[in-house]
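What follows is one structure encoded as structure tokens, with my remarks underneath.
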Number of protein chains: 2
Amino acid sequence: MPRPRQALLNRDRIVETALALIDADGLGALSTRRLAAALNVQGPSLYNHFATKDEILDAVADSVTASVDVTVFDRCDWVEALRRWARSYREALTVHPNIVPYLAQGPGRRPAALAMADAVYGGLVRAGWPPARATHIGAAMRYFVAGSALGSFARGFVEDPELYAAHPHLNQAHRLRGHQRSVDEGAFTLGLDALLHGLAAEYARTVTPLERGTGPG
Amino acid sequence: MPRPRQALLNRDRIVETALALIDADGLGALSTRRLAAALNVQGPSLYNHFATKDEILDAVADSVTASVDVTVFDRCDWVEALRRWARSYREALTVHPNIVPYLAQGPGRRPAALAMADAVYGGLVRAGWPPARATHIGAAMRYFVAGSALGSFARGFVEDPELYAAHPHLNQAHRLRGHQRSVDEGAFTLGLDALLHGLAAEYARTVTPLERGTGPG
DNA sequence: GATGAAAACTTACACCGCTAGTTTAAGAGC
DNA sequence: GCTCTTAAACTAGCGGTGTAAGTTTTCATC
């Protein structure tokens with residue numbers, strides 16, 4: 001087939017389909033040929049719209065990041081903003097866990113990821129945190145959220161009771177997979193509350209009333 | 001070359017060499033042929049010692065996990081044990097960051113990873129944490145440590161000042177890479193302290209003196 | 001000394017990312 | 001309406017991938 005009257009592909013369609021394939025079968029199962037086949041097209045046709053496969057993955061990753069709500073930093077005090085942002089971030093990632101290892105390498109040149117970093121850092125600095133500390137807090141939060149989305153903790157344990165016989169405290173570990181949602185959610189909530197509790201304590205101890213910012217906005 | 005008088009390969013040598021290649025060139029650059037070449041052998045010879053490439057990666061991942069110190073749970077109170085374990089865990093991972101995305105998927109069937117999970121969970125239960133809470137704490141800590149090792153926060157930002165021009169608060173972001181160690185270390189310490197601070201507060205609030213365990217050992 | 005397993009090998013298959021060159025349609029300028 | 005350029009599909013093919021299959025030789029055991 002030569003050039004068709006109506007273009008078969010565009011970047012958005014490629015990104016959507018790639019994300020669906022990654023969600024269904026994993027990052028490793030995405031090949032240019034499989035992606036093209038899902039779009040009723042031959043493999044190399046993709047290169048009319050993206051220079052490399054990595055560029056496709058960048059666009060997929062950024063489309064996921066774009067669904068994170070960062071407007072909370074304009075509306076809430078910094079603790080509440082961090083809490084809501086972290087929850088929104090985690091929700092976006094857990095819907096598409098297979099792209100997380102790629103996405104978690106950092107913002108790179110992806111616009112949505114850069115916008116998110118900007119909003120978080122800006123919100124913290126406005127609240128009075130020293131710049132270096134704001135960087136640390138943003139990083140620590142990303143560590144926690146990305147780690148929580150990287151793979152379900154519960155699904156990391158095989159459903160095979162015999163495997164745990166040699167480990168005195170893991171005799172119930174084979175049941176973790178059955179309680180995946182409550183385990184993962186409970187762990188995330190516990191960790192998030194603990195982190196924010198600790199950060200609030202440091203704020204109270206080290207950020208002087210004079211430095212405390214003008215609030216959201 | 002048929003069967004040699006002296007075996008050229010064994011599992012340990014394969015694992016060591018694979019880890020070295022992964023450290024040097026990344027997980028994606030490890031192929032069976034490249035690994036075999038580094039061992040002065042042809043690709044398929046590896047399959048006399050491992051059934052699949054994934055089995056090699058499992059062994060590599062477990063050799064990294066094996067270097068984490070989990071004896072602290074026998075010597076220290078639970079807060080100090082968590083702190084030292086988390087530091088040891090992170091050190092093990094940051095020495096070999098390229099294997100982290102693979103390793104962080106969960107313990108699977110890897111013996112050292114299972115032993116670590118057992119030690120952490122056992123230590124927390126002994127300290128009086130309810131079993132479900134101990135699971136959550138272990139998961140939350142793994143989220144944070146794995147996230148921190150998954151990729152340097154600082155290295156996630158490209159060293160290109162022009163890229164940040166459009167973002168009001170990121171105008172110094174291109175300098176992050178130059179301060180990689182202090183940024184990553186500062187973020188980890190801050191997050192770890194905050195997490196443990198928050199957990200200790202919950203312990204004081206919810207674990208009654210009667211439930212509080214027999215201490216380490 | 002015969003037997004069977006072990007550990008290297010060669011060959012081959014189906015797939016991978018990507019490049020090069022081809023074909024035709026769409027759109028712009030005269 | 002013709003011409004020119006660009007766009008978007010195609011086919012063919014390169015070098016690389018994991019790994020299955022079968023071969024050859026050596027070592028250990030009966």
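Only a predicted model underlies this, so the values are computations on that prediction, with no experimental measurement involved. Chain identifiers are assigned alphabetically (A, B, ...) following the order of the sequence lines, protein sequences preceding nucleic acid strands; residue numbering begins at 1 within each chain.
When the side-chain nitrogen and oxygen atoms of B:Ser45 are compared with OP1 and OP2 of C:dC9, one or more of them lie within a distance under 4.0 Å. At the phosphate of D:dA7, neither OP1 nor OP2 sits under 4.0 Å from any side-chain N or O atom of A:His49. Remark: A:Ser31 is not in phosphate contact with C:dC15, judged by side-chain N or O atoms under 4.0 Å from OP1 or OP2.
Here B:Arg87 does not pair with B:Glu91 in a salt bridge; the nearest charged N to carboxylate O distance is not below 4.0 Å. Between A:Glu55 and A:Arg109, no side-chain nitrogen of the basic residue sits less than 4.0 Å from a carboxylate oxygen of the acidic one, so the salt-bridge criterion is not met. Taking 4.0 Å as the cut-off between side-chain N and carboxylate O, B:Asp74 and B:Arg126 count as a salt-bridged pair. A salt bridge links A:Glu80 with A:Arg83: at least one charged nitrogen is closer than 4.0 Å to a carboxylate oxygen.
Within 4.0 Å of B:Leu46, counting heavy atoms only, lies no atom of the nucleic acid at all. Using a 4.0 Å heavy-atom distance criterion, B:Ile56 is classed as making no nucleic acid contact.
We find that CZ of A:Arg34 is positioned 8 Å from P of C:dC16, with the value rounded to whole Å. Atoms CZ (A:Phe50) and C1' (D:dA9) sit 17 Å apart, rounded to a whole Å. In this structure, CG of A:Leu30 is placed 10 Å from P of C:dC16, rounded to the nearest angstrom. Whole-Å rounding puts the A:Ile14 CD1 to D:dA8 P distance at 10 Å. The separation between B:Leu9 atom CG and C:dC9 atom C1' is 12 Å, rounded to whole Å.
For the pair A:Arg90 and A:Phe188, the cation-pi test (distance below 6.0 Å, angle within 45°) is passed.
Side-chain atoms of A:Asn48 come within donor-acceptor range of the base of D:dA9, with a qualifying N/O pair under 3.5 Å.
Scanning for side-chain contact (heavy atoms from CB on, under 4.5 Å) contacts around A:His197 gives B:His197, B:Ala201, with sequence neighbours left out.
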Under-3.5 Å N/O pairs linking protein and nucleotides 18-21 of chain C:
{"unit_1": "C:dC18", "atom_1": "OP2", "unit_2": "A:Tyr47", "atom_2": "OH", "d": "2.6"}
{"unit_1": "C:dC18", "atom_1": "OP2", "unit_2": "A:Lys53", "atom_2": "N", "d": "2.8"}
{"unit_1": "C:dC18", "atom_1": "O5'", "unit_2": "A:Tyr47", "atom_2": "OH", "d": "3.4"}

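Closest of all the heavy-atom pairs between A:Ser67 and A:Ser88 is O-OG, 4.2 Å.
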